[in-house]
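So you know, we letter chains A, B, ... as the sequences are listed, proteins then strands, and number each from 1. Computed from heavy atoms alone, side chains included, the values below leave out hydrogens, waters and symmetry copies.
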Amino acid sequence: MADTPKSSRREALRLTRRVAGSLQETSEQATTVSTSVEQLGASVNQMAATVEEMGLASESLANMVSETSSTIEEMARSIGHVAENALQVENSTKHTVDSIGQVSKSAQLINGDAENLAASIEQTAAAIEQMARTVTAVAGHSTDLSSAAEETNGSISQMAVSIEQIGASAQQTNRTVEHVTRSMRELDRSVDQVQAFSQKISEGTQRSAEAVERLDSSVHAVAQAAASAESVTRRASHDAQVGGRTVQSSIDGMLRVRSSIEASAGSMRELDDRAGEIGSIVDTIRLIAERTNLLSLNASIEAARAGEAGRGFAVVAEEIRNLADRAAKATLDISGIVRALQRTAQDAVRATQDNLRVAEESSVMAGQAAQGLEQIVKGVNETAELVDKIARSTQEQLRDSSQALAFTRETAIQAQSIRQASEAQTRESQSIVTAMEQLGKASQQVSQAVNEHAEGSRNVVKATQEVQRLASQVERATREQAKGAAEIVQSVDQMRRSSQSTARAIQQIAPDTERLGREAGNVGQLMSQVTRATVEQSSAAQQIVTAVQEMRRQSEQLRRAMLEQTRASREMAAATHSVNRQVELISRANREQYTSIQDVLESMEEMLDERQEFKTLVEEE
Amino acid sequence: MTQPYVVCRVDQTHYAIPAADVQQLEMVEQITRVPGSTEALDGVVYLRGQVVPVLNLRSRLGLPRVDYDYSSRLVIVRLDRRVVALAVDSASEFASFSEEACQPAPEALARLDYLAGVVAQENRLILILNVRRLLESDNFPQGDA
């Protein structure tokens, strides 16, 4: 019967330790989270205010958990006490039942012995007359036996009453265990809520991890864009420099063109000058031709005036005039050609001047283009520097983003672990509830057993009373025997022959007395068993204390873990408003837990009080 | 019987001056302007120790003046003791026309008394000038003989 609650208690202790273990694990994970989030916090300073708020919330959460821990400790201690007491009750009851059984057996023996005694007295009644004094002594022994039986009866009655009280206490214990089970179920519900909130936190962390991943990918895109911009800028710079060189060479070409145009213009002017010179020479020739014509005409006039004598002269003059006309005509042709040549040369000079002007303008424009290209190159170089800076800072951003991503992933993993731990806690809590239910069942069984004990005890009382009645009868008979013996005293001598048989009868009584002594020894043994049971109780209590200290230590670790968690929570800067809200909800749930656990504690204290009462009763017994 | 002429040109028209009246031909070189003289008088030139007035035939014939050039000629004519230089556009021919070839001026031109007649050639007409009438009808200051 004691096995079921004992194992349940052990189960409860084990589960509590596992809760503590998982909380410690949570603490370690929270420490890792703390490290990660600290680094993450450096990346996201602007979230510091939110983190601080969340840290404060987590701290109060830690305090609550600490209080919860101490309450659980106390509760465990109470459960330990209750369970131990129940064990002691079990053991003691077992011992008691055994003792009672033995007592009963002894009583039966006594009864049998008494019957034997009565028979012996009947047998020796005739012979007792000669053994009055011996019989008187026997009567005194019978009186002693009667009183001892009376005392035994009183003790057993008292024991029966105690057993009744034990039964009542067991029922109360049963009720208390039911109450504890109810409280435990409430606690389980709170743990469920905590688990749900952990789930939400995990989901929130997952979402924030996804957001950070998106951020990371966009930073990647920016980095790529910056890289391509850099290459484009580099190409542009290169192209602009090539363009600058091309423009410079075109400027050089333009200068060469200009100088050759100038040279060509000079040649044209020289040509024009030469043509002018030719023109003036031609003019001179024409003048000479005109003069020749004039002179030939004058000669013709003179020849005409000379009449017949000048006829030959006139012919010569005529021929000279013809030559002069041809010369004049030729000079006219030459003049025309020279004029055309001069016009062409002047046109060429003008065209050349136009070309020169165009070349100069082109040169100026090319110079401006070169200047513009230089500015472009400068601007492009500046742009390249800026793009380079952007690329560098984007690289840094990329690194930061990757770190943030890693940290957030880490945080997500930690959140997942916390969620898992919370789920484990839920499972443990449910297991505790199951154990408590089993404990309740066991307690009911205890109660039933105690009731059975009580009934047995009542039967014992009845049997003992029967013994007492028989003892009284024996006493009365003995007294009558004594009276008869007193009457027989006078004929002692006559009854001397029967004294031998009386002595044999007394010898028959001796084993009965020895049996009584053994019964007393049995009682002593029972007492020592009770004492041993008490010692065992004490040792069990010591074990409980150790277990409780272990629990306290685990609770301390739990508290430290919760502190770590609090610190980690404080440093979980990336946590959003929703996380903060979740933590507040957790705090509220913890307060509810705290309340539940206070209820549990009160129940446990009640149980402890009841056990104390029981223990007192046992000790009294 | 043929008569020798010096053929000159004024504008598009050729004129023939009897060689007997022509003393000589000269290039137009230095003409000294004489203020207050008649419109047709260009000025005076100094030729072979003689101061000779220059009559611009264009102006005399009612044509617009043009600048002198290499072709411009002074035809120095002598009438009695008068010597006058006629400025023409050019004078480069010496020709002889028979009296039969010389036709009288048409009636319509009878009032132009400086025309002695017209010589018709293949592709041109040559007007023969009466130098005396040309000079008489104008009021020149007379050059020294």
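Here CE of B/Met27 is found 9.0 Å from CG of A/Asn293. Values are rounded to the nearest 0.5 Å. Taken from CD1 in A/Ile301 to CD in B/Gln24, the straight-line distance is 8.5 Å, to the nearest 0.5 Å. Here the OH-OG distance, from B/Tyr70 to A/Ser335, works out to 8.5 Å after rounding to the nearest 0.5 Å. Distance CD/B/Glu26 to CZ/A/Arg291: 8.0 Å, rounded to 0.5 Å. Between atom CG of residue A/Leu287 and atom CG of residue B/Asp69 there is a gap of 11.0 Å, rounded to the nearest 0.5 Å.
Only the side chain of B/Val6 has a heavy atom closer than 4.5 Å to any heavy atom of chain A.
For A/Arg326, the CZ atom sits in a loose shell: 12 or fewer heavy atoms of surrounding residues, nucleotides or ligands are nearer than 6.0 Å.
Close approach to chain A, defined as a heavy atom under 4.5 Å from one of its heavy atoms, is seen in B/Ser92, B/Glu93, B/Phe94 of residues 92-106 of chain B, taken by number. Residues of residues 116-129 of chain B never come closer than 4.5 Å to chain A when only heavy atoms are counted.
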What pairs of donor and acceptor atoms, side-chain ones from residues 271-282 of chain A against any protein atom, are under 3.5 angstrom apart with sequence neighbours left out?
residue, atom, partner, partner atom, Å
A/Asp272, OD1, A/Gln346, NE2, 3.4
A/Arg274, NH1, A/Glu277, OE2, 3.2
A/Ser280, OG, A/Glu277, O, 2.6

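The shortest heavy-atom contact between A/Asn298 and B/Leu25 is OD1-N, 2.5 Å. Summarising the geometry of B/Ser71 relative to A/Glu290, their closest heavy-atom pair is OG-OE2, 4.0 Å, with the distance given to 0.1 Å.
Residue pairs meeting the ring pair (Phe, Tyr, Trp, His ring centres under 6.0 Å) criterion with at least one partner in residues 270-300 of chain A, sequence neighbours excluded, are absent.
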